[in-house]
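Structure first, commentary second.
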Amino acid sequence: MPKVEATPMQSLYIDHHNWLVGWLRRRLGNIDHAADIAQDTFVRVLLKPAIEVIEEPRAYLTVIAKGLVANAYRREALERAYLETLALLPEAQAPSLEYRAILLETLFEVDAMLDRLPPKARSTFLLSQLEGLTYAEIAEQLNISVRTVKRHMVLGFEQCLTFSLP
């Protein structure tokens, strides 16, 4: 039986998977999280348009993995804040476990949607919608013009309009 040549993706995985898991384990301190993020990294590579040659495969994988780690930390912080808020509710008002899971997943989706905004636009939108600041107050706090606040708000609302829950 003739030997089958590995595809570039297979070679990338074979040559660098163990290294990436080790690199992530050293940063995360947890082999299971490291393995999960390494796997997600390769899934992201698979979903990207095919690249003929990756000049620096470890640097390429590291950039993707760092983004996934940042997303994981943000999700953990969001979940922690949500659970802390729930803990403050009287037991009679606390949502069911099923409803909590749905709300948490919705929070993750909204967070991902807002993450697609430029940082200043995201800050502007959150200050308006969560903090209730006026456009003038936002402009003063972020040291931008009211006109820029309005432009950022348009971006935020456009992002919300393109957002759809599963």
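These figures come from a predicted structure and were not determined experimentally.
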Would you mind reporting whether [Y] and [X] have side-chain heavy atoms less than 4.5 Å apart?
| X | Y | value |
| --- | --- | --- |
| His152 | Leu142 | no |
| Arg27 | Val69 | no |
| Leu12 | Leu61 | yes |
| Pro8 | Ile54 | no |

Whether the side chain of [X] engages the backbone of [Y] through a donor-acceptor N/O pair (distance < 3.5 Å, no angle test) should be reported.
| X | Y | result |
| --- | --- | --- |
| Thr124 | Lys120 | yes |
| Arg122 | Leu117 | yes |
| Gln93 | Pro90 | no |
| Lys150 | Tyr135 | no |

Flag yes if more than 12 heavy atoms outside [X] fall under 6.0 Å of its [atom1] atom; otherwise flag no.
| X | atom1 | result |
| --- | --- | --- |
| Gln129 | CD | yes |
| Arg26 | CZ | yes |
| Glu5 | CD | no |

About how many Å separate [atom2] of [Y] and [atom1] of [X], when rounded to the nearest 0.5 Å?
| X | Y | atom1 | atom2 | result |
| --- | --- | --- | --- | --- |
| Asp111 | Phe108 | CG | CZ | 8.5 Å |
| Thr148 | Ile138 | OG1 | CD1 | 12.0 Å |
| Met113 | Thr106 | CE | OG1 | 11.0 Å |
| Leu78 | Leu104 | CG | CG | 6.5 Å |
| Asp15 | Arg58 | CG | CZ | 8.5 Å |
| Glu105 | Glu79 | CD | CD | 10.0 Å |

Would [X] and [Y] show up in the same hydrophobic cluster when neighbours are defined by side-chain heavy atoms closer than 4.5 Å?
| X | Y | value |
| --- | --- | --- |
| Leu114 | Leu103 | no |
| Leu20 | Val63 | no |
| Val154 | Phe125 | no |
| Tyr82 | Tyr99 | yes |
| Phe157 | Leu130 | yes |

What is the minimum heavy-atom distance between [X] and [Y], and which atoms define it?
| X | Y | value |
| --- | --- | --- |
| Ser145 | Ala139 | C-CB, 3.9 Å |
| Val21 | Ala34 | O-CB, 3.6 Å |
| Ala121 | Leu155 | CB-CD1, 4.1 Å |
| Pro95 | Leu89 | CD-CD1, 4.2 Å |
| Ile37 | Ala72 | CD1-CB, 4.4 Å |

Original post:
Which of parallel (below 30°), tilted (30 to 60°) and perpendicular (above 60°) describes His17 and Phe42?
Top reply: tilted
Subject >> side chain to side chain contact (heavy atoms under 4.5 Å, CB included) evaluation trace for Thr62 with Trp19 >> reply: CA-CA 10 Å; Thr62 300; Trp19 168 84; 3.3 Å; yes
Subject >> Stepwise side chain to side chain contact (heavy atoms under 4.5 Å, CB included) test for Tyr60 and Glu55 >> reply: CA-CA 9 Å; Tyr60 182 71; Glu55 297 292 330; over 6 Å; no
**OP:** Before giving the answer on side chain to side chain contact (heavy atoms under 4.5 Å, CB included), spell out for Lys48 and Ile64 the whole-Å C-alpha distance, their side-chain angles and the decisive distance to 0.1 Å.
**Re:** CA-CA 11 Å; Lys48 289 185 177 289; Ile64 295 170; 3.9 Å; yes
